[in-house]
S.K.: 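Quick one: the structure is below, and I'll ask about it shortly.
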Amino acid sequence: QQPVQSPQAVILREGEDAVINCSSSKALYSVHWYRQKHGEAPVFLMILLKGGEQKGHDKISASFNEKKQQSSLYLTASQLSYSGTYFCGTKKTSYDKVIFGPGTSLSVIP
Amino acid sequence: KAGVTQTPRYLIKTRGQQVTLSCSPISGHRSVSWYQQTPGQGLQFLFEYFSETQRNKGNFPGRFSGRQFSNSRSEMNVSTLELGDSALYLCASSLRLAVSTGELFFGEGSRLTVL
């Protein structure tokens with residue numbers, strides 16, 4: 001079952017923060033975040049495992065609340081390069097396929 | 001090292017025809033997954049192969065099929081094409097089937113247009 005993402009789209013000015021949420025009705029083993037820029041292939045951002053800690057690199061971080069089957073991606077002090085569509089993917093077990101949500105379109109404007 | 005290579009990049013077919021798409025994973029990667037991407041639907045999972053065996057399958061009709069060869073290269077085939085099959089088909093490779101890092105490396109996709 002496809003995870004739900006919110007919001008569907010968001011427009012930010014450079015330097016503003018954003019949060020993208022991902023939720024599932026099923027118990028999850030892991031949550032995966034990818035970003036796809038227009039006309040390009042999706043690129044891996046990070047993975048959060050059940051029982052794992054919050055992760056992050058640079059100004060992008062994420063958390064995973066395994067009790068609520070929810071994950072959030074935090075983008076702080078956004079840059080123009082953050083523009084793109086963000087997908088969360090979920091796996092129910094380690095051997096499961098990755099099922100992606102519909103994506104969140106993020107546009108950062110000067 | 002070379003990334004995931006998909007061919008052809010663009011193709012146009014007519015309804016009722018069939019199409020075969022090819023994916024060469026990153027050297028050393030043994031797992032290949034296929035996704036269909038359409039506007040508004042995101043990435044829909046088609047199938048996943050590991051060591052020439054289909055390990056997972058999505059909810060697509062039997063017209064969609066795939067296979068993986070001993071060198072880990074993969075092909076997917078769509079028979080009796082319908083207008084709704086127009087999409088970007090993405091292939092992704094990963095090192096192993098179940099990996100804690102779980103990173104998928106995507107190709108740039110094959111854009112199929114069905115007229």
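Throughout, protein chains are lettered first and strands after them, A, B, ... in sequence-line order, and every chain is numbered starting at 1.
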S.K.: Taking atom types as modelled, is there a side-chain donor on B:Gln41 or A:Gln2 under 3.5 Å from an acceptor on the other?
M.R.: no
S.K.: Look at atom CZ of B:Arg9 and say whether more than 12 heavy atoms of other residues, nucleotides or ligands are closer to it than 6.0 Å.
M.R.: yes
S.K.: Assigning hydrophobic clusters by single linkage (Ile, Leu, Val, Met, Phe, Trp, Tyr; side-chain heavy-atom cutoff under 4.5 Å), is B:Leu83 placed with B:Leu11?
M.R.: yes
S.K.: Closest approach of B:Leu90 and A:Gln36, non-hydrogen atoms and distance?
M.R.: CD1-NE2, 4.4 Å
S.K.: Can you tell if the side chain of B:Phe105 reaches within under 4.5 Å of the side chain of A:Val43, non-hydrogen atoms only?
M.R.: no
S.K.: For A:Phe100 and B:Tyr35, I'd like to know if the aromatic rings sit close, meaning centre-to-centre distance below 6.0 Å.
M.R.: yes
S.K.: Between CG of B:Leu104 and CZ of A:Phe44, what distance do you get to the nearest 0.5 Å?
M.R.: 8.5 Å
S.K.: Hey, does B:Glu48 have a side-chain heavy atom less than 4.5 Å from the side chain of A:Tyr95?
M.R.: no
S.K.: For each of A:Pro102, A:Pro42, A:Ala41, tally heavy-atom pairs with chain B at distances under 4.5 Å, and name the one with the top tally.
M.R.: A:Pro42
S.K.: When rounded to the nearest 0.5 angstrom, what distance separates NZ in A:Lys91 from CG in B:Asn56?
M.R.: 8.5 Å
S.K.: Same cluster or not: A:Ile60 versus A:Leu80, using hydrophobic residues (I, L, V, M, F, W, Y) connected whenever any side-chain heavy atoms lie under 4.5 Å apart?
M.R.: yes
S.K.: Evaluate the side-chain proximity of A:Val98 to B:Phe45: yes if any heavy-atom separation is below 4.5 Å, no if none is.
M.R.: no
S.K.: Do any of residues 106-115 of chain B have a heavy atom less than 4.5 Å from a heavy atom of chain A, and if so, which, in residue order?
M.R.: B:Phe106, B:Gly107, B:Glu108
S.K.: Counting only heavy atoms not in B:Asn59 (residues, nucleotides, ligands), do more than 12 fall under 6.0 Å from its CG?
M.R.: no
S.K.: Could you check whether atom NZ of B:Lys57 has more than 12 heavy atoms from other residues, nucleotides or ligands sitting under 6.0 Å from it?
M.R.: yes
